[in-house]
Amino acid sequence: MFITQPPPAVDSLPEDLFAAIADLKTDLKAVILAHYYQEPDIQDVADYIGDSLGLSRQAAATDAEVIVFAGVHFMAETAKILNPNKQVLLPDLEAGCSLADSCPPQAFAAFKQAHPGHLVISYINCTAEIKAMSDIICTSANAVAIVEQIPADQPIIFAPDQNLGRYVMAQTSRDMVLWPGSCIVHETFSEKKLIQLQLDYPEAEVIAHPECEPPVLSHAHYIGSTTALLRYVQNRDIQQFIVVTEPGIIHQMEKQAPGKRFIPAPPAANCACNECPYMRLNTLEKLYLAMKHRQPEITLPSSLQEAALKPIERMLAMSP
Ligand code: 13P
Ligand code: SF4
């Protein structure tokens, strides 16, 4: 005789998820921090939406008891490092990042050893282990300003994003040793299709994230972090923009620059690979369930937390 296991109980979801999340937020004394690449519904329930620098600053300043992080793992981990005594929830623990994955700690330790005397500046898109091996963390919003503060004769290792690294090298006219990592989303944009799009929309300006490859960036009228791109479209007296980053940000652009047109840049293949598959693992339903059950939760060994905190604090102190 076969005894079949009953399927695991599935939580029934409330009819009004938005109201239920608002109630849970009050009960938990929680704050919801979201990145621009999250789906529109998540952006709409967030207390704060921002780029990695803004999110880190919010996490450092919050007096909420629980941080619900709608973003990817390294972002929630950074919030936990800044708040060791607070509970940090991430709707889906599988929400990783190809850039963080591209820099395994053991290989990076060997890379560091091969370059003695180098200062290590790591992009925030890395694991806590890589942060702990770094001298200073940076984001796309402050990488140029941070590198500019380092004495010219100090050799630098920049990890893990070689595209951001190259962009910073061009902006600061200084050499750095680059770890060969990259973002699968920002490397998917096709220069050929971008040129065609520019011909189709001759009035449009191209705005791009510095994680894109140099040939794509060479067509950009403006390059910046997600928050910088958002500010640019708000302030620029232009009606059309070709957006060369994850298209989740277009939701905020449409809200904050109403009436303007935003054209997502296409990936090389016929796929939706310009959407970050990690960011998109989070859904409003998972966000609700995470708050209801107070898990999945980010936890870290305290020694790692302490070692990773120092370079993040240096970044916050050096950031304009
Ligand atoms: P920003 O800090 O510019 O938001 O970048 C985060 C990110 O993961 C881009 O892919
Ligand atoms: Fe990581 Fe790229 Fe996704 Fe940003 S867009 S979270 S860098 S995989």
Side-chain angles (χ1 to χ4, degrees), residues 33-39 42-43 46 48-59 69-79 90-103 121-127 130-131 137-146 158-165 167-168 179-189 207-213 216-217 220 222-233 243-253 264-265 267 271-282 312 315-316 319-320:
L33 306 182
H35 189 265
Y36 296 114
Y37 297 165
Q38 294 291 279
E39 63 177 34
I42 293 184
Q43 294 189 34
Y48 175 83
I49 316 163
D51 63 5
S52 304
L53 178 62
L55 289 164
S56 303
R57 283 181 166 148
Q58 288 291 319
F69 213 109
V72 288
H73 193 277
F74 76 80
M75 295 177 172
E77 202 170 57
T78 304
L90 179 64
D92 191 323
L93 273 189
E94 298 296 313
C97 168
S98 60
L99 255 173
D101 290 346
S102 73
C103 194
I121 302 183
S122 294
Y123 188 32
I124 198 165
N125 297 37
C126 64
T127 59
I130 299 298
K131 288 185 175 77
I137 298 303
C138 71
T139 74
S140 55
N142 58 23
V144 169
I146 285 179
F158 189 91
D161 188 9
Q162 57 184 333
N163 292 318
L164 177 63
Y167 171 73
V168 172
W179 175 265
S182 56
C183 160
I184 52 166
V185 177
H186 287 86
E187 285 206 331
T188 200
F189 296 110
I207 56 169
H209 195 277
E211 285 176 23
C212 296
E213 292 178 299
V216 166
L217 288 182
Y222 182 75
I223 298 168
S225 78
T226 49
T227 296
L229 297 180
L230 183 60
R231 299 272 172 275
Y232 185 78
V233 303
V243 181
V244 199
T245 191
E246 219 276 5
I249 194 169
I250 291 178
H251 179 60
Q252 277 318 303
M253 289 178 168
C271 58
C273 9
N274 56 343
E275 289 184 1
C276 175
Y278 307 101
M279 287 276 183
R280 303 296 174 131
L281 282 177
N282 294 329
I312 298 173
M315 169 188 83
L316 293 173
S319 205

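Every number for a ligand or one of its atoms is a count from 1 in the order of the listing. Numbering of residues begins at 1 and proceeds along the displayed sequence.
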To the nearest 0.5 Å, what is the distance between CD1 on Ile312 and OG1 on Thr139? 12.0 Å
Counting only heavy atoms and a distance below 4.0 Å, can you name the residues contacting ligand 1? His35, Tyr37, Asp51, Ser52, Tyr123, Asn125, Ser140, His186, His209, Glu211, Ser225, Thr226
Taking every heavy atom of Cys97 against every heavy atom of Asn125, the minimum-distance pair comes out as SG-ND2, 4.1 Å
Would you call the rings of Tyr222 and Tyr232 parallel, tilted or perpendicular, taking 30° and 60° as the class edges? parallel
Quick one: does Glu246 get within less than 4.0 Å of ligand 2, heavy atoms only? no
Trace of the side-chain contact (heavy atoms from CB on, under 4.5 Å) decision for Leu99 with Glu211: CA-CA 10 Å; Leu99 255 173; Glu211 285 176 23; 3.9 Å; yes
For a quick test of reading the model, state the closest non-hydrogen atom pair linking Phe69 to Pro91 and the distance between them. O-CD, 3.1 Å
Let me know which of His186, His209, Arg280, Gln38 forms a side-chain hydrogen bond (donor to acceptor under 3.5 Å, both in side chains) with Glu246. Arg280
Can you see which heavy atom on Tyr278 is nearest to which on Ser98, and at what distance? CE1-N, 3.5 Å
Give the C-alpha distance, both sets of side-chain angles, the deciding distance and a yes or no for side-chain contact (heavy atoms from CB on, under 4.5 Å) between His251 and Ile49. CA-CA 11 Å; His251 179 60; Ile49 316 163; over 6 Å; no
Numbered atoms and elements of ligand 2 in range of Glu211, under 4.0 angstrom, heavy atoms: 2 (Fe), 7 (S)
Counting C-beta onward and ignoring hydrogens, is there a side-chain heavy-atom pair between Leu33 and Met75 closer than 4.5 Å? no
List the steps and the verdict of side-chain contact (heavy atoms from CB on, under 4.5 Å) for Tyr167 and Cys212. CA-CA 9 Å; Tyr167 171 73; Cys212 296; over 6 Å; no
Using a distance threshold of 2.8 Å, what protein N/O/S atoms lie below it relative to atom 1 (Fe) of ligand 2? Cys97 SG
